[in-house]
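Residue numbering restarts at 1 for every chain, and letters A, B, ... go by the order of the sequence lines. Everything numeric in this text was worked out from a predicted model, so none of it was measured.
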Amino acid sequence: MIESPNLTPSSPTPPNLSTASKATRIIGWAALAVTGLALLFGLVISGPEVNMRDSVRLLYVHVPSILTAYTCFGITLVGSVMYLRTQSQFWDLAAASAAEVGVVFLGLGLVTGALWGKPTWGTYWEWDPRLTSTAVMFIMYIGYLAIRRMEFSPEVRSRRAAVVGIISILNVIIVHYSVQWWRGLHQGQTFGLDPQIRDMQYFSWFLGTVAMALVASWLLIHRFRVSWLERQVEESQLVRALAERRREAGE
Amino acid sequence: MLHDAWIMARKDLRIEWVTRVATGQVLPFGALVLILFGLALNPDLVIVGEQRRSILAQVAPGLFWITVLLASLLALGRSFALEANDGNVDALKMAGLDPAGVFLGKAMAVAAQLLAIEVVLGFGAFVLYGTPLANFVMLVCAVILATVGVAAAGTLYAGIASGLRARDTLVPLLVLPILSPVLLAATLSTEAAVFGGSGGWSWVMLLGVFAVIYLGVGMLAFGLVMEET
């Protein structure tokens with residue numbers, strides 16, 4: 001259990017309410033620097049690809065953002081399971097923060113994917129397993145975030161959100177395989193298998209991945225700390241309200 | 001647990017028998033949706049292929065299942081509105097009912113109501129859309145298994161959203177993505193059943209797998225969902 005700061009106005013020394021720390025500042029500057037490098041390599045130094053031409057540059061954003069989103073939802077799954085096991089606020093808030101960051105990156109991934117699909121496949125959207133399950137996943141995690149905003153007591157909200165956080169992953173797998181059974185093939189993994197992408201293009205993609213990972217970590221840590229402060233405010237308001245009721249009852 | 005489920009299901013169905021919400025409101029709503037689809041998709045448009053068939057008849061299986069999903073949202077909302085007042089959830093716990101039994105019972109009651117509604121809507125779809133029927137047994141199996149899946153997943157998620165003012169808007173957002181694979185498998189197996197064609201039974205089996213998964217997950221998770229503190 002994390003110790004709560006004293007948030008009452010009468011406290012003599014104001015508590016440190018900043019969500020920044022030395023570590024996040026380093027991550028933040030590193031994220032800016034690597035993003036700058038990724039832009040330089042992705043847009044200027046690396047050349048167009050043989051088949052995809054310049055649209056390959058979209059993949060330096062698209063693939064890293066999808067990977068980042070999947071990682072975030074992985075954290076949500078782990079956080080949800082661990083919350084149900086330990087009832088620890090840490091895991092609950094980690095799951096919530098990761099889902100929020102994940103939704104942002106998944107949205108970015110869907111948009112860049114559609115923009116990439118138009119010149120490559122000739123269409124913004126294909127009803128293939130990966131795209132369809134990703135779209136369903138996007139909506140599902142928006143639903144998860146909706147639960148997190150509901151007016152339950154904190155424990156009930158955390159518990160129900162954890163259940164949804166676990167079932168959502170299960171459902172993504174089910175949707176993926178049922179659509180796969182229904183439809184044909186995605187073009188397969190572009191990286192690792194496709195020999196057309198190499199050298200500078202590969203390096204640009206690598207830089208994009210590192211930049212995304214740093215930005216996501218920075219957002220995640222800050223979001224976690226903001227959620228934690230929100231929770232403290234929520235609880236201190238409850239404590240204050242209870243104290244007031246008691247005083248009224250005593251008078 | 002099965003005994004508790006039976007008690008719950010009987011209670012919900014008895015309330016339905018007295019209040020007639022499913023037959024008096026949800027069913028007419030479903031019929032209305034079927035008619036609206038007819039207006040939205042020009043019934044005179046014909047697909048000229050091996051068999052001349054109207055667009056409506058061609059897409060009837062999908063329209064039927066979309067209608068069922070929309071109707072199920074109302075049935076689920078009703079199922080948990082019954083427990084919303086007068087501390088009913090506490091009363092259920094005080095009565096010592098097994099949460100898995102409560103889940104199973106509510107899902108059974110929802111499934112029974114949906115099945116009754118589906119029979120009528122199915123006739124409606126045949127009459128209004130002019131759909132053929134190739135394999136009646138497959139159709140019945142698909143409808144029953146899909147309905148169990150819809151009721152199980154829906155009951156779990158309606159339980160998660162229960163006790164909230166925003167329940168009515170939250171349940172569709174949570175339930176429909178979960179039911180998207182059921183919609184897919186139900187539509188494909190129904191297509192195979194009405195038009196004839198191969199591969200229908202494998203989709204029916206997949207519906208069975210979904211039903212078992214959702215029932216299992218629901219029975220495991222419902223206890224956590226129902227705890228109030």
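- Neither the backbone nor the side chain of A:Val172 comes within contact range of chain B; no heavy atom of the residue lies under 4.5 Å from a heavy atom of that chain.
- In this structure, A:Trp125 places its CH2 atom where more than 12 heavy-atom neighbours from other residues, nucleotides or ligands lie under 6.0 Å away.
- Between the CD1 atom in A:Ile139 and the CD1 atom in B:Ile178 there is a gap of 12.5 Å [rounded to 0.5 Å].
- Here A:Gly143 is the residue among A:Gly143, A:Ser168, A:Ala135 with the most heavy-atom pairs under 4.5 Å with chain B.
- For chain A, the nearby part of B:Leu156 is the side chain; its heavy atoms alone come within less than 4.5 Å.
- With a 4.5 Å cut-off on side-chain heavy atoms, A:Ser178 and B:Val182 do not count as touching.
- Interatomic distance, CD1 of B:Ile160 versus CZ of A:Arg159, reported as 12.0 Å (0.5 Å rounding).
- Across B:Leu220, B:Leu174, B:Leu184, the residue that shares the most heavy-atom pairs under 4.5 angstrom with chain A is B:Leu184.
- Within the 4.5 Å cutoff, the side chain of A:Ile167 has no heavy atoms near those of the B:Tyr214 side chain.
- For a residue to count as touching a neighbouring chain, one of its non-hydrogen atoms must lie under 4.5 Å from one of that chain's; by this rule B:Ala153 does not touch chain A.
- For B:Pro177 against A:Asn171, the heavy-atom pair with the smallest separation is O-ND2, 3.2 Å.
- In A:Tyr177, the OH atom is not crowded: 12 or fewer heavy atoms of neighbouring residues, nucleotides or ligands sit closer than 6.0 Å.
- Contact annotation for B:Ser202: both backbone and side-chain heavy atoms come within less than 4.5 Å of a heavy atom of chain A.
- Interface remark: A:Ile166 contributes no atoms to any contact with chain B (heavy atom separation under 4.5 Å).
- Put simply, the side chain of A:Leu170 reaches to within 4.5 Å of the side chain of B:Ile213, judged on heavy atoms.
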